[in-house]
Structure formats: C-alpha cells, structure tokens
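To start, the structure under review is shown below, and the notes come after it.
Atoms within a ligand are numbered from 1 in the order they appear, just like the ligands themselves. Position 1 is the first residue of the sequence, and the numbers go up from there.
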Amino acid sequence: MSTASSVKRFDAIVIGSGQGGTPLASALAQAGKQTALIEKAHIGGCCINEGCTPTKTMVASGRAAYIVSRASDYGVWNLSNPHAGKADDLSASKPDRGWDQIRGVVDMEQVRQRKRDIVESWRGGSEARVKGQKGLELFMGEASFKDANTLTVKLLEGQEVTVAAETIFIDTGDRPARPRLPGLDDVDQTRVLDSTSIMELGAVPDHLVILGGGYIGLEFGQLFRRLGSQVTILQRGKQLAPREDPEIADALRKVLVEDGITVLLNSSATSVKSAHPEEVSVAYKNEQGEEATITGSHLLLAAGRTPNTDMLNLQAAGVKSDASGHIPVDEKLQTNVSHIYAIGDVKGGPAFTHVSYDDFRILRDTLISPSPSQPPRKVSDRVIPYVMYTDPQLAHVGLHESEARKKYPNATIKTASMPMAYVARALETDESRGLMKAVVDDGTKQILGFTCFGIEGGEIMSIVQTAMLGKLPYPVLQDAIFAHPTLAESLNNVWGYLK
Ligand SMILES: Cc1cc2nc3c(=O)[nH]c(=O)nc-3n(C[C@H](O)[C@H](O)[C@H](O)COP(=O)(O)OP(=O)(O)OC[C@H]3O[C@@H](n4cnc5c(N)ncnc54)[C@H](O)[C@@H]3O)c2cc1C
Ligand SMILES: NC(=O)c1ccc[n+]([C@@H]2O[C@H](COP(=O)([O-])OP(=O)(O)OC[C@H]3O[C@@H](n4cnc5c(N)ncnc54)[C@H](O)[C@@H]3O)[C@@H](O)[C@H]2O)c1
C-alpha cells in the first residue's frame with residue numbers, strides 16, 4: 001500500500017453516491033465548483049443497487065406468479081404451465097391457492113437475472129453520467145475524516161489519497177442492521193439473509209422465517225410467498241407496519257394471512273439455533289409471553305437499518321452523531337459543523353429515495369442557485385408521501401388520524417374509510433382488497449392525510465397529494481369529473497363516508 005503525500009484540493013466533496021449525493025455532485029460541478037465524489041461500492045447507492053430498483057423488479061415477478069395462480073378466477077387456463085392442466089388446479093378457491101405448484105413453475109435464476117440486468121443497466125447509466133461530468137472527479141473508495149476539511153480515501157485498488165474541501169456533504173446512507181441475538185453467528189450463514197443477499201438466491205426457499213414486520217419484511221414476505229415459499233413473519237410490535245393507522249395495518253395483516261403467510265404479532269426473537277444443517281430455528285416470546293420456536297429453511301433479518309457513520313471517523317471533524325449513529329441536521333441540512341452537511345438516510349427520519357433526492361433540491365436551492373424572490377424550502381416544510389410495495393400497495397401522505405387529532409386539538413377532525421370493494425374499477429379487475437382512509441379538517445375542508453391500501457394505491461394517493469399541495473379543499477375532488485371507470489373516480493365517493 002502506498003500513501004500519497006500531497007493533498008488534492010476541491011471546492012466541494014460529496015461522500016456517498018446515494019440518491020441525493022449523485023445529483024448534488026453533478027449540480028455543484030455544473031455550477032463551476034471543482035467537486036469530488038467518493039463512493040466505496042457502486043454508483044447510485046442503495047436505491048439502484050440493493051433497494052428500490054431490484055426489489056420492485058422482483059416484486060413484478062411475484063405479481064406475475066400471483067396472476068398465474070388466479071388465472072381461473074378470470075376464466076383463463078394456465079398457459080404458463082400446461083402440465084398443471086386447467087388453471088383451476090391453481091385456483092384461489094383452494095385453501096393454499098396452489099402456491100406449491102407455483103413454486104414448481106418459478107424459475108428463480110431467471111427472476112434473479114431479470115433483476116440483475118435492470119440493476120446493471122441503471123447503474124451503468126448513472127456511472128456514465130458521473131464519469132462524463134466536467135469538473136467532477138470520482139474516487140472509488142472508502143472515505144474517513146482526518147480533520148474538518150480533510151478526508152482520507154482508501155481506494156478500492158489499495159492506495160490511499162487525501163482530499164480536502166471547504167464544503168463537505170455526507171450521503172453515506174445505511175445498511176441492514178444485524179440484531180444481537182444469541183446463536184445468530186453460529187448457524188450456517190448461507191441460511192441467514194438480509195435485504196441484499198435474499199435477492200441473490202438462485203432457488204425459492206422452502207420456508208422463510210422473517211424477523212421484522214416493516215417495509216422490508218412485508219415486501220419480501222409477500223414476494224417469496226408468491227414465488228412459492230412458506231413464510232412466517234415475526235413482528236415485535238402489536239401491529240405490522242408500526243407507523244401506520246391501526247385500521248390500515250390490520251387490513252394489511254388480513255391480506256397477508258389470506259395469501260397464506262403466518263403473521264406472529266407481539267413476538268420478539270430471543271435466540272437462533274440450528275438443530276439440523278438445513279434448518280434454522282428462532283426462539284421467541286409469543287403473544288402470551290411464553291417461549292416458542294419457529295423453524296424454517298432460511299431466516300431473513302428485516303429489523304431495521306444501521307447508518308453508515310461508524311467508518312467515517314466523525315470525531316476527527318467534530319461532527320456529532322446521535323445514539324443510533326445518525327447525524328442530526330438543522331432545517332438547512334447543516335450538521336453541528338457549519339460547512340459539513342448530511343443528507344439522505346444517514347441523517348435519520350423518513351428513509352426514502354425521494355427524501356434523499358429532495359434533500360439535494362433543498363441544498364441546490366440554498367447553496368447553488370437560490371431564487372432571488374423566494375426563500376429556500378426547509379426540511380420541515382415538506383409533506384412526505386410513501387408507498388409500501390405490497391400488493392395491494394400501501395400508500396400514504398400527510399397525517400394519520402391520531403397525528404391530526406394531536407396536532408390540531410381544536411379542529412373538527414373527520415375521517416372517511418371506504419373499502420376498495422366499493423370501487424368499480426377494482427371490482428371489474430377483481431382486485432378489490434383493501435380500503436382507503438382520508439383525514440380532513442371539516443372546518444377548513446382541507447385534506448390533512450390520506451392512505452390508499454388498494455390496487456395502484458401509490459397512484460391514487462399521488463392524486464390526493466397533488467390536491468394537498470395545491471391546498472384544494474376535499475369538495476373539489478368530490479365533485480370533479482374523473483373518467484369512468486378509473487381508480488381515480490373513487491375520489492368522488494370516499495368523502496361521502498366522512499364522520
Ligand atoms: C430493500 C430495500 C428496498 C427499498 N425500497 C424503496 C422504495 O421502494 N422506495 C423508496 O423511496 N425507498 C426505498 N428504499 C430506501 C432507499 O433505498 C433509501 O432511502 C435511499 O437509497 C437512501 O439514499 P441515500 O442518499 O441516503 O444513500 P444510499 O442510497 O444508501 O447511498 C449511500 C452510498 O454511500 C456509500 N458509502 C457509505 N459509506 C461510505 C464511505 N465511508 N465512503 C464512501 N462511500 C460510502 C455507499 O456505498 C452507498 O453507495 C429501500 C431500501 C431497501 C434496503
Ligand atoms: N417501499 C419503500 O419505500 C421501502 C421499501 C423497503 C425499505 N424501505 C426503507 O427501509 C427502511 C428499513 O426497512 P425495515 O423493514 O428493515 O425497517 P422498519 O423499521 O420499517 O421495520 C423493522 C421492523 O422490525 C421489527 N423488529 C425489530 N426487531 C425485532 C425483533 N427482534 N423481533 C421481531 N421484530 C423486530 C420492528 O418492530 C419493525 O416493525 C424503512 O424504514 C424504509 O424507510 C422503504
């Protein structure tokens with residue numbers, strides 16, 4: 001290993017090629033700032049390589065398997081698997097929905113290859129854009145602070161370089177958390193999966209036991225059920241998706257149970273062991289407080305994520321992190337050291353690609369091209385939507401009922417819940433599971449929050465989000481002409497259930 005004696009100086013350094021860091025580095029370079037982008041693994045960060053893109057690509061394969069399993073519901077023979085005979089053999093009327101047979105017709109290697117191809121093409125596109133950007137130098141290696149303006153980069157090829165800048169942006173994201181469970185390190189590690197390694201499986205697991213009932217546990221749980229695995233989800237809390245409205249979370253649980261997933265609530269894992277080489281067992285405290293054990297072929301760890309700050313040597317720069325390792329920031333994304341900013345998941349709070357990208361926009365509007373007429377937006381100004389890609393999707397924007405009542409104690413808060421079974425388009429397509437729920441201030445008629453747990457819930461939610469952005473009162477949607485029979489048309493009716 002050789003150490004470079006000189007320091008390479010830049011106007012700005014971005015650490016991490018995540019969803020905010022990559023466009024930020026390009027925007028800085030385009031604004032004439034000599035910029036360094038340091039990335040230790042691959043361009044595009046988690047979203048493109050291990051997060052949104054690969055998971056949603058695989059979820060599409062799961063959806064195809066689901067539709068095949070339901071072919072007879074639509075009066076269609078199972079063309080994908082002529083050996084199975086009439087699609088009736090896989091019909092929804094069977095208690096197990098024919099999942100074992102589906103497993104027999106799923107080519108997991110092809111599912112994986114389709115995912116790899118899409119990831120590679122997205123990553124390649126991002127890489128080409130970064131490498132083609134004038135004024136932007138890419139360092140492939142791991143960065144750590146030497147002092148508040150200087151970083152050491154351990155390049156992937158082995159050498160070290162030292163870089164320095166007046167302004168530094170941290171966009172290092174997070175990684176799967178590994179719970180401290182006795183026995184976890186002693187079992188066959190090929191049977192212990194995280195959100196990255198599970199997408200590299202070449203065969204469908206027999207029985208996937210999932211630790212955690214949040215986004216990752218639920219998206220993968222339903223996906224692998226649809227590909228033919230037996231699935232058991234162990235969730236510590238009293239509901240799945242703990243931040244959601246309890247009515248919605250319960251509807252989600254019912255859908256997953258209907259799909260044949262075993263959901264164990266109020267169940268906290270206590271240890272892991274393996275009595276047989278092809279099995280992994282999780283001991284847990286069940287709802288009654290008794291010790292119980294669940295045994296599967298594989299264990300997916302989906303119990304949250306750990307911020308990538310431990311390797312940054314933040315103390316050398318004087319940057320504070322909190323007990324969880326996240327870097328607290330102010331309204332302008334500044335850390336406690338004024339020339340060092342943190343964006344994306346590493347700062348804590350909602351961990352979504354669109355939040356990291358919006359962090360970039362806030363910095364662009366504050367530091368690179370401020371508007372002469374408008375003050376820059378602040379972190380607290382934004383309303384954050386999100387979609388969990390279960391099927392049906394669980395999409396939400398704004399406040400939940402309990403949050404609205406707490407935030408506006410003197411307002412007349414009303415809520416409307418409408419089953420998706422009342423939506424013509426959902427019935428026609430036989431995809432009517434779930435419900436939508438709206439929260440309004442009935443004094444001002446403003447929409448405070450909206451959830452759609454239903455087919456294409458993300459798209460329906462985005463319509464309501466647009467109305468909220470424009471501060472449209474709900475009666476405007478109630479009386480709007482929507483084309484028939486769209487899913488959007490349901491936004492005429494939901495407000496009729498307000499109480
Ligand atoms: C399985 C999964 C599915 C997801 N699905 C969705 C979804 O559907 N929609 C959604 O909005 N969000 C989704 N997310 C979350 C989303 O991926 C993240 O919120 C988003 O990627 C965060 O972006 P970021 O900018 O914080 O950093 P990241 O994208 O995490 O990028 C950080 C980068 O920094 C690099 N790095 C770390 N430390 C260093 C260092 N010391 N030196 C140099 N480089 C370093 C890392 O290698 C990485 O490339 C998903 C996440 C996972 C895990
Ligand atoms: N569609 C999307 O936007 C999407 C998809 C995937 C991930 N993500 C992002 O990634 C983040 C991480 O996802 P995640 O699912 O790992 O975390 P999460 O925080 O959403 O859920 C983790 C769950 O694990 C449970 N848990 C923790 N320890 C446990 C234990 N010992 N036993 C049983 N249950 C336990 C928690 O109660 C919690 O419900 C999410 O917060 C989300 O922001 C987003």
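Less than 4.0 angstrom separates some heavy atom of Ala351 from each of these atoms of ligand 2: 9 (C), 42 (C), 43 (O). Residue-ligand proximity, Arg243 to ligand 2, at heavy-atom distances under 4.0 Å covers atoms 19 (O). Atoms of ligand 1 found under 4.0 Å from any heavy atom of His354 (numbered from 1 in listed order, with element): 11 (O). Each of the atoms 25 (O) of ligand 1 lies under 4.0 Å from some heavy atom of Gly20. Applying the 4.0 Å criterion to heavy atoms of Cys47 picks out, from ligand 1, the atoms 17 (O), 21 (O), 29 (O). Of all the atoms in ligand 1, the ones that sit under 4.0 Å from a non-hydrogen atom of Gly141 are 42 (N), 43 (C). Atom numbering of ligand 1 starts at 1 in the shown order; those under 4.0 Å from a heavy atom of Ala41 are 47 (O). Set against the non-hydrogen atoms of Gly344, the atoms of ligand 1 under 4.0 Å away are 26 (O). Numbered from 1 in the order shown, with element, the atoms of ligand 1 that lie under 4.0 Å from a heavy atom of Gly45 read 29 (O), 31 (O), 48 (C), 49 (O).
At the top of the distance list for atom 18 (P) of ligand 2, counting protein heavy atoms only, stands Gly214 CA, 4.2 Å. At the top of the distance list for atom 40 (C) of ligand 1, counting protein heavy atoms only, stands Ala143 N, 3.7 Å. Distance from atom 28 (P) of ligand 1 to its nearest protein heavy atom, with residue and atom name: Cys46 N, 3.6 Å. Distance from atom 6 (C) of ligand 1 to its nearest protein heavy atom, with residue and atom name: Cys52 SG, 3.3 Å. Protein heavy atom nearest atom 31 (O) of ligand 1, with residue, atom name and distance: Gly18 CA, 3.3 Å. For atom 24 (P) of ligand 1, the nearest non-hydrogen atom of the protein is Asp171 OD1, 3.3 Å. From the protein, the heavy atom lying nearest to atom 34 (O) of ligand 1 is Gly16 CA, 3.3 Å. Annotation: atom 4 (C) of ligand 2 to nearest protein heavy atom, Tyr215 CD2, 3.3 Å. If you check which protein heavy atom lies closest to atom 47 (O) of ligand 1, you get Glu39 OE2, 2.7 Å. Among all protein heavy atoms, the one lying closest to atom 11 (O) of ligand 1 is Thr353 N, 3.0 Å.
Using a 4.0 Å cutoff on heavy atoms, Ser144 does not count as a contact of ligand 1. Note on ligand 2: Tyr389 sits in its first shell, one or more heavy atoms being nearer than 4.0 Å. For the pair Ser267 and ligand 2, a heavy-atom separation below 4.0 Å is found. Ligand 1 has at least one atom lying under 4.0 Å from a heavy atom of Arg305. In this structure, Ala351 has a heavy atom closer than 4.0 Å to ligand 1.
For atom 50 (C) of ligand 1, the nearest non-hydrogen atom from the set Ala302, Gly51, Gly21 comes from Gly51. Between the choices Lys56, Met388, Arg236, the shortest heavy-atom distance to atom 33 (C) of ligand 2 belongs to Arg236. Nearest-residue assignment for atom 11 (C) of ligand 2 (options Lys285, Arg305, Gln235, Arg180; heavy-atom criterion): Arg305. Here atom 22 (C) of ligand 2 lies nearest to Ala302 when heavy atoms of Gly212, Pro385, Ala302, Ala269 are compared.
Ring to ring, Tyr215 and Phe352 are close: their centroids are under 6.0 angstrom apart.
Using a cut-off of 4.0 Å between Lys/Arg side-chain N and Asp/Glu carboxylate O, Glu200 and Lys115 are scored as salt-bridged.
Exactly one residue among Arg361, Glu331, Lys332 makes a side chain to side chain contact (heavy atoms under 4.5 Å, CB included) with Arg377. That residue is Arg361. No option in Leu314, Ile343, Leu333 other than Leu314 meets the side chain to side chain contact (heavy atoms under 4.5 Å, CB included) test with Ile170.
Looking at ligand 1, you'll find an N or O of Gln19 within less than 3.5 Å of one of its N or O atoms. The N/O atoms of Tyr389, backbone and side chain alike, include none that comes under 3.5 Å of an N/O atom in ligand 1. Looking at Glu219 next to ligand 1, no N or O pair under 3.5 Å apart turns up. Checked by distance only, ligand 2 and Pro242 stay at 3.5 Å or farther apart across all their nitrogen or oxygen atoms. For ligand 1, the polar-atom distance check finds no N/O of Phe220 at less than 3.5 Å from any of the ligand's N/O atoms. Below 3.5 Å of separation, one finds an N or O of Lys40 facing an N or O of ligand 1.
With contacts defined as side-chain heavy-atom distances shorter than 4.5 Å, the pair Leu227/Phe224 qualifies.
Using a 4.0 Å cut-off between heavy atoms, Thr55 contacts ligand 1 through its side chain alone, with no backbone atom that close. Residue contacts with ligand 2, taken as heavy atom pairs separated by less than 4.0 Å, involve Ala303 via backbone and side-chain atoms alike. At a heavy-atom cutoff of 4.0 Å, ligand 1 is contacted by the side chain of Ile15 but not by its backbone. Within the 4.0 Å heavy-atom criterion, the part of Leu312 lying near ligand 1 is the side chain and not the backbone. With a heavy-atom cut-off of 4.0 Å, Phe352 touches ligand 2 through its side chain alone. The backbone of Leu234, and not its side chain, has at least one atom closer than 4.0 Å to an atom of ligand 2 (non-hydrogen atoms only; backbone = N, CA, C, O). For Ile216, every heavy-atom contact with ligand 1 shorter than 4.0 Å involves the side chain, none the backbone. Here His354 has no heavy atoms under 4.0 Å from ligand 2, in either its backbone or its side chain. Under 4.0 Å from ligand 1, the heavy atoms of His42 that appear belong solely to its backbone. Under 4.0 Å from ligand 2, the heavy atoms of Val387 that appear belong solely to its backbone. Here Met311 has side-chain heavy atoms under 4.0 Å from ligand 1, and that is the only part of it that gets that close.
No more than 12 heavy-atom neighbours from other residues, nucleotides or ligands sit within 6.0 angstrom of CD on Gln110. At most 12 heavy atoms of other shown residues, nucleotides or ligands fall within 6.0 angstrom of atom CD in Glu166. Within a 6.0 Å radius of CZ in Arg382, more than 12 heavy atoms belonging to other residues, nucleotides or ligands are found. Other residues, nucleotides and ligands place more than 12 heavy atoms under 6.0 Å from the CD atom of Gln113.
A donor-acceptor contact shorter than 3.5 Å is absent between the side chain of Glu39 and the backbone of Leu138. A side-chain donor-acceptor contact under 3.5 Å links Asn336 to the backbone of Gly318.
Looking only at atom types and distance, the side chain of Asp194 has a donor-acceptor partner in the side chain of Ser197 under 3.5 Å away.
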Evaluate side chain to side chain donor-acceptor pair (under 3.5 Å) for Ser402 paired with His400, printing each intermediate quantity in order. CA-CA 6 Å; Ser402 58; His400 294 295; over 6 Å; no

Please walk me through it: do His207 and Ser297 pass side chain to side chain donor-acceptor pair (under 3.5 Å)? CA-CA 5 Å; His207 183 177; Ser297 62; over 6 Å; no

